[in-house]
There are 2 protein chains.
Amino acid sequence: MPHEAQKAIARQSLLLRSLPDQHVETLLSHAIWRQYDRGETIFLQEETAKAVHVVLAGWVKLFRMTPTGSEAVVSVFKRGDSFGEAVALRNVPYPVSAEAVSTCEVMHIPSPILISLMKEDPEIGISILASTFTHLHSLVAQLEQLKAQTGAQRVAEFLLNLCDEVDGRCDVSLPYDKMLIAGRLGMKPESLSRAFSRLKTVGVKIDRSHAEISDINALRRYVEDEPANLR
Amino acid sequence: MPHEAQKAIARQSLLLRSLPDQHVETLLSHAIWRQYDRGETIFLQEETAKAVHVVLAGWVKLFRMTPTGSEAVVSVFKRGDSFGEAVALRNVPYPVSAEAVSTCEVMHIPSPILISLMKEDPEIGISILASTFTHLHSLVAQLEQLKAQTGAQRVAEFLLNLCDEVDGRCDVSLPYDKMLIAGRLGMKPESLSRAFSRLKTVGVKIDRSHAEISDINALRRYVEDEPANLR
DNA sequence: GTGTTGACTTGACAATAGTCATGTTGCGGC
DNA sequence: GCCGCAACATGACTATTGTCAAGTCAACAC
């Protein structure tokens with residue numbers, strides 16, 4: 001059972017934050033807390049789901065291995081994100097594998113608990129649908145990106161999502177290493193390197209894990225511009 | 001309200017087939033039936049969802065328009081498929097637009113009906129999650145395809161999904177026009193043409209909307225082989 | 001029939017991204 | 001400190017795909 005500080009993070013997650021307190025307490029009291037080291041597997045593709053997972057700290061990636069051995073990163077989750085909802089409730093095999101990409105803490109809510117609670121209160125179903133929909137939406141956005149944008153544009157959009165400011169300049173630090181960023185954006189690390197150097201022309205400087213964006217709007221224009229204007 | 005023959009198709013859909021009869025009847029009695037012409041819009045991105053949609057006949061595509069005007073096809077649905085579940089239950093805007101790609105019949109189940117029924121029986125929530133999960137899964141599969149396979153490999157896999165046989169030879173007819181196939185597979189019509197001619201070397205012949213696969217296993221090997229063996 | 005239209009194919013060329021090879025750098029272990 | 005490793009960068013080359021242009025073909029209205 002998780003500690004109070006851990007529970008507090010879980011309560012803020014999309015999955016739990018709109019549920020009535022008493023249900024959240026029931027779920028949390030049955031939850032299992034675990035720490036994973038970088039590179040450790042959380043579950044494997046084809047395994048049957050027994051729990052819903054909530055990231056409390058660190059980063060987790062979902063990916064698929066292709067028959068030829070290359071991996072396709074499907075999503076990367078951070079503190080407060082939940083995953084595996086739709087799978088856990090249906091006792092079907094995971095379509096993806098999950099791995100810790102940094103040291104991280106994950107809370108597991110056993111699916112039987114979730115199911116029995118759902119029978120009491122249909123509102124829980126809506127909550128689960130809410131987080132599932134968020135994933136659905138982000139996959140759709142990724143598909144659009146991959147189909148309609150060049151590598152450099154995807155990188156630019158990735159950087160924009162890291163900025164809090166609306167315009168002007170902005171400093172961000174890359175949340176995880178460049179190999180993973182490349183995977184997440186559907187390219188090879190070499191291509192990511194080249195995309196970064198291409199972005200120099202629109203005022204982006206990269207140093208290690210630190211990125212400096214001199215003009216957010218210029219970057220935004222780069223993402224949305226016609227291919228002809230990209231050079 | 002739909003006719004009996006239309007209801008029969010709806011009852012076989014993933015969304016409804018595992019529900020108790022009485023609930024299905026309630027839903028169907030409130031459903032709206034409509035026919036759409038090729039090219040007609042069913043809903044637009046950013047519109048708020050008011051219903052869940054079930055395809056009874058024909059084909060429907062979901063797509064996103066990018067700021068630059070190009071479109072990214074997200075999925076293509078056929079008879080018996082449902083879409084818009086997760087969105088309808090949450091009163092949020094659609095992340096995609098839907099359009100009829102052939103003359104087609106669609107049944108709309110108003111979301112308030114679904115919600116009220118869900119409060120009576122949480123099993124409905126599970127059914128909705130089931131079809132939502134199917135979409136999630138297919139998006140993940142598409143992402144993997146786009147990230148890890150060449151155009152010709154994606155086309156080969158598309159053809160394999162159309163075959164019923166397990167091995168040997170097989171004839172299939174392309175379900176919709178090649179422009180849409182190209183969009184669905186994330187490429188331009190020209191690239192699809194070239195992918196088809198490339199597949200001649202592994203025993204695939206295309207004539208109009210008719211495809212002839214001389215050896216299913218050879219095609220399967222082509223999809224899974226190392227890039228080095230693809231030429 | 002004729003003409004028009006849109007789907008499809010093909011070729012030439014440009015742009016983008018992957019591969020392979022090589023080199024640099026930062027970091028943890030010792 | 002030094003070593004060794006893995007992440008990252010860069011260059012040269014190749015493969016894949018998009019773009020533009022031209023042409024074929026079938027369907028359909030007239």
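Labels below follow one simple rule: chain letters A, B, ... track the order of the sequence lines, proteins then strands, and each chain is numbered from 1.
- Distance A:Leu146 CG to D:dT17 C1': 14 Å, rounded to the nearest Å.
- Toward the 5' end of DNA chain C, the nearer of the two residues B:Arg194 and B:Met179, judged by each one's closest nucleotide, is B:Met179.
- Atom CD of B:Gln153 and atom C1' of D:dA15 are 13 Å apart (whole Å).
- Whole-Å rounding puts the A:Leu185 CG to C:dA17 P distance at 11 Å.
- Both A:Glu190 and A:Gln149 lie close to DNA chain C; mapped to their nearest nucleotides by heavy-atom distance, the more 5′-ward contact belongs to A:Gln149.
- Using the six-membered ring where Trp is involved, A:His108 and A:Tyr36 have ring planes that are perpendicular, over 60° apart on the 30 and 60° scheme.
- Rounded to whole angstrom, the span from the CE atom of B:Met187 across to the P atom of D:dG18 amounts to 8 Å.
- Within 4.0 Å of A:Arg208, counting heavy atoms only, lie sugar-phosphate atoms of the nucleic acid but no base atom.
- Taking both residues in full, the closest heavy atoms of A:Val54 and A:Ala10 are given as CG1-CA, 4.5 Å, listed atom of the first, atom of the second, then distance.
- For C:dC8, neither phosphate oxygen OP1 nor OP2 lies less than 4.0 angstrom from any side-chain nitrogen or oxygen of B:Ser193.
- The distance from atom CD1 of A:Ile181 to atom P of D:dA7 is 13 Å, rounded to the nearest whole Å.
- Taking the centre of each ring, A:His53 and A:Phe77 stay at or above the 6.0 Å mark.
- Between A:Ile206 and A:Lys147, the one whose closest nucleotide on DNA chain D sits nearer the 5' end is A:Ile206.
- As rounded to whole Å, 12 Å separates atom P of C:dG28 from atom CZ of A:Arg38.
- When the C1' atom of C:dA7 is taken as reference, atom CG of B:Leu174 falls 13 Å away, rounded to whole Å.
- Other residues, nucleotides and ligands contribute only 12 or fewer heavy atoms inside 6.0 Å of the CZ atom of A:Arg38.
- Residue A:Lys178 places at least one side-chain N or O closer than 4.0 Å to OP1 or OP2 of D:dA9.
- Between the side chain of B:Arg198 and the base of C:dT9, no donor-acceptor pair of N or O atoms lies under 3.5 Å.
- Relative to the six-membered ring of B:Tyr222, B:Arg220 misses at least one condition, a distance below 6.0 Å or an angle of at most 45° to the axis.
- Taking side-chain N and O atoms only, A:Thr150 has no distance below 4.0 Å to OP1 or OP2 of C:dT16.
- Note: CG (A:Asp177) to P (D:dA9) measures 11 Å, nearest angstrom.
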